[in-house]
Amino acid sequence: MSWGIDNLPYGVFSRPGLGPRVGVRYGDHVLDLAAALHDEVFATGSLNAFLARGRTAWRDTRAVVRNKLSSDLSVVEEHLIPLDQVALHLPFEVADYVDFYASIDHATNMGKIFRPDSEALLPNWRRLPVGYHGRAGTVVVSGTPIHRPSGQVRAGVFEPSAKLDIEAELGFVVGVPTEMGSRPGAFEDHVFGVTLVNDWSARDIQGFEGQPLGPFLGKSFATSISPWVTPLEALPRIPGRAQDPEPGGYLRRQDDWGLDITLEVRLNDEVVSRPPYARMYWTPDQMLAHMTANGASLRTGDLYASGTISGAEHAERGSLMELSWNGTQPIKLADGSLRSFLEDGDTVTITATAGDVTLGEVSGTIR
Ligand code: CA
């Protein structure tokens, strides 16, 4: 069972007269942790207080929950609430939000589209994980309607974006903070788990505003995340992929590992892509090391996303920009229609699995 004992992601739920409070998903139920564990840290409307407790508490809590659910179900049965009776909320208060650009296939595709006459990858790309700071206040939970943004799409022309796009990404949730001027310890001592991210992007707004400073209003209008945060402990690891040149200094890794997660992007229930996380070039521990390399501190609730996940194949591209090659090669949908970017009323749903573990879904409909 994909929502079984090896998964157990955390979220925030409410139902009439109860909550919002922290729960763990088990099958088609959510376990009310404050009631089941008699711990008030879970009686709040976000995961943050629990995230701040750190790795030992995360591990111990998971072990206790697993034990209760596998051997002592009658005791916790009264605290298992059917999912169809609850509303799911943003699982944590997002402190800072950083978005990386860690897929070599995505970066290469974008380079070819925007700079067809020069090298696809800029000189810094293989030397550091490129990223930018996004807008934490517009990170919303799956299911939140997305309003088509307006902006300056050409010089002096302010109008609704005609190139509204998605970016299928994986987000990493920071629990344990650091002081300014210090470096974090081990990745697993700071990062609690992962969530699915759709980094909605208005390509025409982004294209006009982005030179030379990078993403701003073309990205900041909305970023959707899944309601469940899957602990790192639940994710199977695979060998990492080679990096050339070998990163030195602060980007050298303690251990060589990767995550074998396959995403699926559905546009109005039709699968348009299956991006493979295993092909990502820069790793989440390197992203953490990089974003703190200058002494910038971490806060509980920081979210950093991988950047668009794309594979080598056409059917593995994690954005419509790449799938339609900036509208020059529209994708053909099952009903025969051609599509380059999102239309009003479109629903995009991104799901993901890591072996038997499902990461759930992040979904949004364009208004
Ligand atoms: Ca992105």
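Ligands are counted one by one from 1 in listed order, and the atoms in each one are counted from 1 as well.
When the N, O or S atoms of Asp199 are ranked by distance to the Ca ion (ligand 1), OD2 comes first. Within Glu169, OE2 is the N, O or S atom that lies nearest to the Ca ion (ligand 1).
Ile81 places a side-chain heavy atom less than 4.5 Å from the side chain of Phe13.
Under the 3.5 Å distance criterion, the side-chain polar atoms of His190 are matched with a main-chain donor or acceptor of Gly185. Remark: the backbone N or O of Thr178 is not paired with any side-chain donor or acceptor of Ser182 at under 3.5 angstrom.
Draw a line from the Ca ion (ligand 1) to OD2 of Asp99 and another to OE1 of Glu167, and the angle between them is 160° (to 10°).
The nearest pair of heavy atoms linking Val141 to His89 is CG2-O, 3.6 Å.
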